Amino acid sequence: MATLARPSLRALTRIPPSYVVFAVLLVTLWLLKPAMMNPNILATFAKQVAPLGIVVLGQLLVISTRSIDLSAGGVILLVNYLISSGFFGAWHPLLLVALCLGVGLLVGTVNGLLIGKRRASAVIVTLAVSIILMGFVEYLANGKPPGNVPMVFRNVYNARVLGVPAPLVFWFALSLGMSVLLAKTVFGRFVASIGSNPVSAHFAGVPVERTVVIAHVMAGFLAAVAGLVQTASIAVGSVRFGPELVMNSIAATILGGVIFGRGAGVWGPFFGVLSFALLFVVLTTLGVQEPGKLAVQGLIILLAAIFYGVRNSTH
Amino acid sequence: TAQEVNLMNGVTARPGDDQMVAADTFKKAGPWKIGMSHFGVNANTWTVQMAHEAESAAKKNSNVGQFILLDANLSQSKQVADIEDLIAQKVDAIIVTPVTPTSADAGIAKAVAAGIPVIVHTGLTETDKYTVDIQGGGKHFGKVMGDFLVQKLGGKGNIWVLRGYPAHPEDINRYAGLVEALKGTDIKIIAEDAGKWQYDTGKQVCEAFYLNNPEVDGIWSSGADMSRACMDVFTQYGAKIPPITGEGNNGFFGQWIESGIDSIAPEYGPEQGAAGVRAAVALLEGKPLHKRYVYEPAGWDIEKAKAAYRSDLSANTWFPSSLSEEELKSFYGNN
Amino acid sequence: MFATLTDGLSTRYSRHGLWILPLAVGLVGIVGLAATADDFLSPQNLFNLAAQAAALLLVSIGQMLVVLVRGLDLSVGAMVSLTTAIVSLDASPWATIPGALAAAVLVGLVNGVTVVRLNVHPIIATLSMTGIIQGVTLFIRPVAGGTIPEIVTTLVRGEFLGLPMPVFWVVLAIALGWKLIHGSRFGLHLFAIGGGDTAHSFGIPDRRNTVLAFVACSVFAALAGLFLAGRIASGDPNIGTQYAVDSITAVALGGTQLAGGVGSLQGTVIGTVLLALLANGMNLLNLSAFVQTAVKGLILLAVISIQPRKSIGL
Amino acid sequence: MTAAPLVSMTAISKSYGSINALRDVSFELRPGTVHALMGENGAGKSTLMKILAGVTTPTAGEIHLKGAAVRFGSPREALDAGISTVFQELSLLPNLTIAENLFLGREPRKRLGGVDKATMERKARETLRQLDLDLDPKRLVGSLSIAERQFVEIGRGITADADVVILDEPTAALNAADVEILNRHILALKAAGKGIVYISHRMEEIFRVCDTVSVLKDGRNVSTVPLASVTPKQLIALMVGRELSELFPPRAERQDSQVVLSLDGVRLTESSEPVHLKLHRGEIVALAGLEGQGQRELIRSIIGQHHPFAGAVEVKGQRIDLPVSKNSGVRQLQSLGVGFVPEDRKDEGLFLDLSVAHNVAIGLHGRRSASSVAKGYRDTVAETIRSMAIKVASPESAVGSLSGGNQQKALFGRYLALGSDILLVEEPTRGVDVGAKAEMYRLIRDFANRGGAALVLSRETLELIGLCDRIYVVHDRTIVGEMPAAGATEHAILEAALHRAER
Ligand SMILES: Nc1ncnc2c1ncn2[C@@H]1O[C@H](COP(=O)(O)OP(=O)(O)OP(=O)(O)O)[C@@H](O)[C@H]1O
Ligand SMILES: Nc1ncnc2c1ncn2[C@@H]1O[C@H](COP(=O)(O)OP(=O)(O)OP(=O)(O)O)[C@@H](O)[C@H]1O
Ligand SMILES: [Mg+2]
Ligand SMILES: [Mg+2]
């Protein structure tokens, strides 16, 4: 008890659980398969979760303002459709990218206005928006099922920057940007204030509604970016998008120490996402099949959360 | 029988089963209202096309006044509800593609009791109360692929297995086909995981297999998107692609033809959607049908694939199809 | 004008949530459907509706208990699947049914204790629990199938007093929900715990009650699983997938606030009926399968947007 | 005074980590007496009573209730043993009705185990009548004013039929008339032979109703004496450890004639009379009157948190029609140099888990565009902490770790750092001890002397008289009188309010 009061140790208890999980998994992999502890191999796996990582950036932002965004799945599906349907086959790829980002901004704005201005339930608004987007894609796909993704997207996806896969560089750069935004700008101060106490924030002159709306707009935008990366990686259109990505984005965010109204750290969730990638590798390496994978993954997240929760409640 | 109704190329009466639906049992004057409970229209691009094939076949027949397509969205309980809703609307025939082997049983029994003929395809059921059943058989599909690997590897070697969605009956059946093909051979499964029939999950799994141990003699993949993903992994690392199984999909055909690898495409055509409608129409027209049909064609080799391949259509086109040229162009044309 | 109306209503219904608005939407829907779809008011269709709503109603009532104490249970869907898997095992119903209920109690206890004692956020606790249950379910029932004891199928598919059984499940669910939420100290205490941090100082065992809410929620999910097992006559490891999201949707549609302390059983019933009506109505109106999803989303969005709350949030 | 003690706590110690909240404190409560507990913020009063009420457990020490050793694991056990508590922090649940709040945890039951609502509401109505409250027991507590809530809280404590009643700062949110009602009830409890513990920072009340006083300082019991034997001055000296020279700072000699803020024909409701009010540079002006007569609504109308029927406000020559936007009113007025200091600093003012630096600088951030780089404002924050003498280890410490008085200063500091020259202040010293009160008064007066102007409302009329320059008396949602604060009395203010009411 008494030792916890020491500032250095107190700081230790604030480390997001994701750091611990990541470190433990890394050591496990090293023990199991030293050959896989190779930067190239690890980068390959990290690349697989880049879309999740980008969704998480938006998720941690809205969760920091006590909201939530479940619409990323719908946005990604629509982006994937817009690019692969061939509807805009004649468009320059950059124009196509702009269209997709515009869709993300629009969806984020609708979410933001309904949640921030109209004060409707964030869970249901974003869920409904996601359902609408998926339904919209189903409707469009009826007229024209999605098809091929233009080659440029794949080429960009497979490119390397200084030997590092482009999606990883991109994800890291976005994370850095978000981290700077939260730590160094007035907007970041607004987010922290709302997370701490929205009523106090209002009386302190923080534009609460506007900040919440902007957070959602950015989350929508980031979901569209994630959709672009995801589409480039799949290289073909699809009509369905599993709910796992959105749920995992919430889990990674919370595992990263950002809980409704507390946090606004970027690197905790960042390592949360990497932990997901690593967990997949470790379990596949061990030959664990789907049922075991689900159970073990659940157990590990639960244990990490418990470990963290217990530490935090004892001081 | 004298004049067999041709439901679809490759669909034949089940050998050794001579149960028939007598002529005129369900004969009715048009226009008919036909209902279909689809297990999940938007599960993937194959299921979308299968729905299109059904709608297109219905449109081609002027006696079909209304074709109601309900989407169970992969939910058993929604399928039960959908069939109930179709019965409540007093449709003249119901086509069911079951979510699981039991999800439609109660509905089928109810419909048949209400005098509505029921045609089942693309998925097994446990009940035999249906009027007509057309079964492709995942087991056959898996065995065609398994046999191909056994033959290519000379009955000996190590393979990877990429499976579909966990607990999905189709996945279980295809896998059972593989197991049967491997029986008595020296082929060992050294890595196996669920790629969920998706490109991205398939790629994740394949990448993990590859980085763990790239030495492999053959790959059994339960779906075309996963095959493409796995081929991309080998290409990405500049390695030679081992024999790998595919499927009747335009995107896969393109990659197959281009790379010239060893592969086989077992046939499982979305045209089954049309076959179901044709069966319903035949019943309402009063034609006699067998109670049970099977759909177990041989796998496609690269020559057949080359003949079918359409560079002007998108990767998401599946074969064989009975969509008109016009429909194919409008759905899958690269405009 | 509209804003003042909803503001006024919010104050008026601040304890039980704005269930009156979705009720109005539901009534309009019923009248509209009765006018346009001939078969809507047929007894056959109404019984179908009851059967289609019963499972979701059970899950939603359980979900609501947890939501009232500021929780959220994402593992209800997996619990539904697990129950169908257990009762489809080849064993005596006198073992499997109590076994499934015991499993539910255990899951609820773990969820509750993890949240309350071990200080874990409910979303994380129940999301991880979902994975664990799903894994176990796939292990004991890798593929849909098995047989369901006759007692269960009779209780779901049979008739009693000339009425189909699902009607009684609905009535029972509502009666049980009413007793728990509005007719007992337990219910009042759940409202109290959700209303602020101070329930403990009133001498209410807040932690124990919260754990009990999680347990009750899992048990309700297990009852829904039992019902579904009887309805589809088999076990299915994936059947519950939709129920977590659907139950939260139904609860929120009915005016219950996910921030806790505000809600009502009638709201939850209305929310559930609204979702069932939506599916049934669109089928009866022959809306294309390709637009049903989008229409469902739009209606959800509309109904939730007419229920603004005091503060921004979940 | 010779009766055996009802409660005796001996050698109680309590530590939170390295903080020693209580050290070896002993305390005795006799039946039929009112026992005051006094001390500065953080002295340990609430902690001692929380131990008695079963909310927390002591690190060491013993409790005897009517001679028998007891140890309470939960508030429930304490209540069952006959100890009823009105906690300092409002603990009522806003989503329950008055009746439910009154009986929560001990609801009357029906035969089948359900809650007997009818009985509960009937009993609640009786309780409310005893407290002279004209409220429907079915009303939700969330819709009550703070004072009404405080009364329900008190009602809960005194109707529990307990032998020991603990009242922890029950009057922090009450005005003089309400305090009268409460005092009557305390005396009735006393006459019924119960033991009452009374915690308050208001000297007059202590001397009016209490028999004995125990003074805590830094977690230790400094002394326990009969109140009859001490003077207020001596008591303060015991608490603070020094003589407090003067509670209120001297008023300014000269006043500027420039009007910086005025209300022009503000009508709070359609039927209420218009309000005209002026605030000059360098002036501190009070809104006084009975509780709930519209003072709060007037102040909150200016920043858009109340929706008046009509009127306008003029700030330094700029006229703004009311109502202003609820969403952006605070920001709009802040940009004109008007700061609003809410009464409820924990729920409406501060970010308890964030640093003092953040709490102070947020106003400055709010003035700039969201996309701009956040400045550190280190010097401004350091200067604010220094000039206001906020006791804090580092600007990075969480504001929630400060004592009430220092939290209040940090909140004030936000507006001073922002350079506001007009302050709208609700309850400048709620729940703050005498020492901190004196500091707050000095801060507000310094602010005015530097050219600022403040409009203040408070339930403590004496505070308004001592602190302000001029007093407006508010009654029935309008201003019914105006007087200079120098020479004003509580009586005169009450007179002004009620004289108007009789007309
Ligand atoms: N929950 C807690 N955790 C840690 N320390 C605490 C806690 N509660 C109280 N303390 C410590 O106990 C001391 C006494 O606090 P307490 O609330 O009893 O003071 P008080 O005399 O009631 O003050 P006030 O007059 O402001 O009500 C505080 O200074 C603080 O250091
Ligand atoms: N959870 C906590 N952890 C650490 N210290 C705490 C905690 N809660 C309260 N304290 C301590 O309690 C002291 C005062 O607490 P308290 O809540 O009684 O405020 P206060 O100073 O009495 O203000 P007020 O009179 O307005 O309530 C503070 O100094 C603070 O350090
Ligand atoms: Mg205090
Ligand atoms: Mg105190």
Side-chain angles (χ1 to χ4, degrees), chain A residues 32-33 35-36 38 40-42 44-45 47-49 51-52 77 84-90 134-135 137-139 141-150 154 158 165 230-231 233-242 244-245 277 280-291 293-294, chain B residues 40-49 51-52 55 69 71 73-74 163 165-167 171 190-194 196-213 224-225 228-229 232-233 235-237 249-251 254 313-318 330-335:
Chain A
L32 281 176
K33 231 155 194 190
M36 289 188 93
N38 157 331
N40 262 328
I41 294 186
L42 292 180
T44 304
F45 292 116
K47 187 173 140 185
Q48 294 168 350
V49 289
L52 174 64
L77 188 64
S84 65
S85 67
F87 265 139
F88 309 96
M134 290 186 183
V137 170
E138 285 174 14
Y139 171 74
N142 179 33
K144 185 150 180 54
N148 304 343
V149 174
R154 295 195 74 181
N158 287 322
Q230 172 90 358
T231 304
S233 81
I234 302 179
V236 69
S238 68
V239 281
R240 196 178 187 79
F241 205 85
E244 298 96 6
L245 184 122
F280 180 85
V281 179
V282 169
L283 293 180
T284 309
T285 303
L286 283 173
V288 179
Q289 298 267 315
E290 187 71 10
K293 235 178 214 168
L294 283 169
Chain B
V41 174
N42 292 289
N44 52 46
T45 52
W46 188 94
T47 55
V48 175
Q49 188 174 340
H52 280 150
E55 282 184 331
L69 175 71
D71 179 6
N73 221 338
L74 299 182
R163 298 187 58 170
Y165 202 80
D171 176 63
I190 54 165
E192 170 184 330
D193 210 338
K196 304 185 181 171
W197 287 314
Q198 284 165 3
Y199 183 94
D200 53 344
T201 320
K203 188 159 181 198
Q204 259 183 6
V205 170
C206 206
E207 234 157 24
F209 287 173
Y210 185 88
L211 294 172
N212 246 310
N213 175 13
D225 280 351
R228 296 192 321 112
D232 284 348
V233 171
T235 314
Q236 184 179 311
Y237 288 100
N249 163 274
N250 203 37
L313 299 184
S314 91
N316 283 333
T317 324
W318 298 80
S330 95
F331 286 146
Y332 301 110
N334 286 325
N335 51 340

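Order of the sequence lines sets the chain letters (A, B, ...), proteins ahead of strands, with each chain counted from 1. Only this structure's heavy atoms are used, side chains among them; waters, hydrogens and symmetry mates stay out. Keep in mind it's a predicted model, so treat the numbers as computed, not measured.
Looking at residues two or more places apart in sequence or on another chain, you find a salt bridge (charged side-chain N to carboxylate O under 4.0 Å, His left out) between E192(B) and R163(B).
Proximity to chain A is absent for every atom of V41(B), based on heavy atoms less than 4.5 angstrom apart. Only the backbone of V288(A) comes within contact range of chain B, with heavy atoms under 4.5 Å apart. For a residue to count as touching a neighbouring chain, one of its non-hydrogen atoms must lie under 4.5 Å from one of that chain's; by this rule L74(B) touches chain A with the side chain only. Using a 4.5 Å cut-off between heavy atoms, Y210(B) makes no contact with chain A at all. Residue contact with chain A, scored on non-hydrogen atoms closer than 4.5 Å, is absent for N213(B). Of the two parts of A191(B), neither the backbone nor the side chain holds a non-hydrogen atom closer than 4.5 Å to a non-hydrogen atom of chain A.
E55(B) has its side chain within reach of N142(A): a pair of non-hydrogen atoms, C-beta onward, lies under 4.5 Å apart.
Note on G287(A), P291(A), S233(A): by heavy-atom pairs under 4.5 Å with chain B, the leading option is S233(A). In terms of heavy-atom pairs under 4.5 Å with chain B, the best-connected choice from L294(A), N158(A), V281(A), T285(A) is T285(A).
Under 3.5 Å, the side chains of Q230(A) and D200(B) contain a donor-acceptor pair of N or O atoms.
The shortest heavy-atom contact between P145(A) and Y332(B) is CG-CE2, 3.5 Å. Between A194(B) and E290(A), the shortest heavy-atom distance links the atoms CB-OE1, 4.1 Å. Between R154(A) and Y199(B) the shortest heavy-atom distance is NH2-OH, 3.4 Å. Residues P146(A) and S314(B) approach most closely at O-OG, 4.0 Å, considering heavy atoms.
Taking CG of D71(B) as the reference point, atom CD of E138(A) lies at 6.5 Å (rounded to 0.5 Å). For the atom pair NZ (K33(A)) and CG (N212(B)), the distance works out to 4.0 Å, reported to the nearest 0.5 Å. To the nearest 0.5 Å, atoms OG1 (T44(A)) and CD (Q204(B)) are separated by 12.0 Å.
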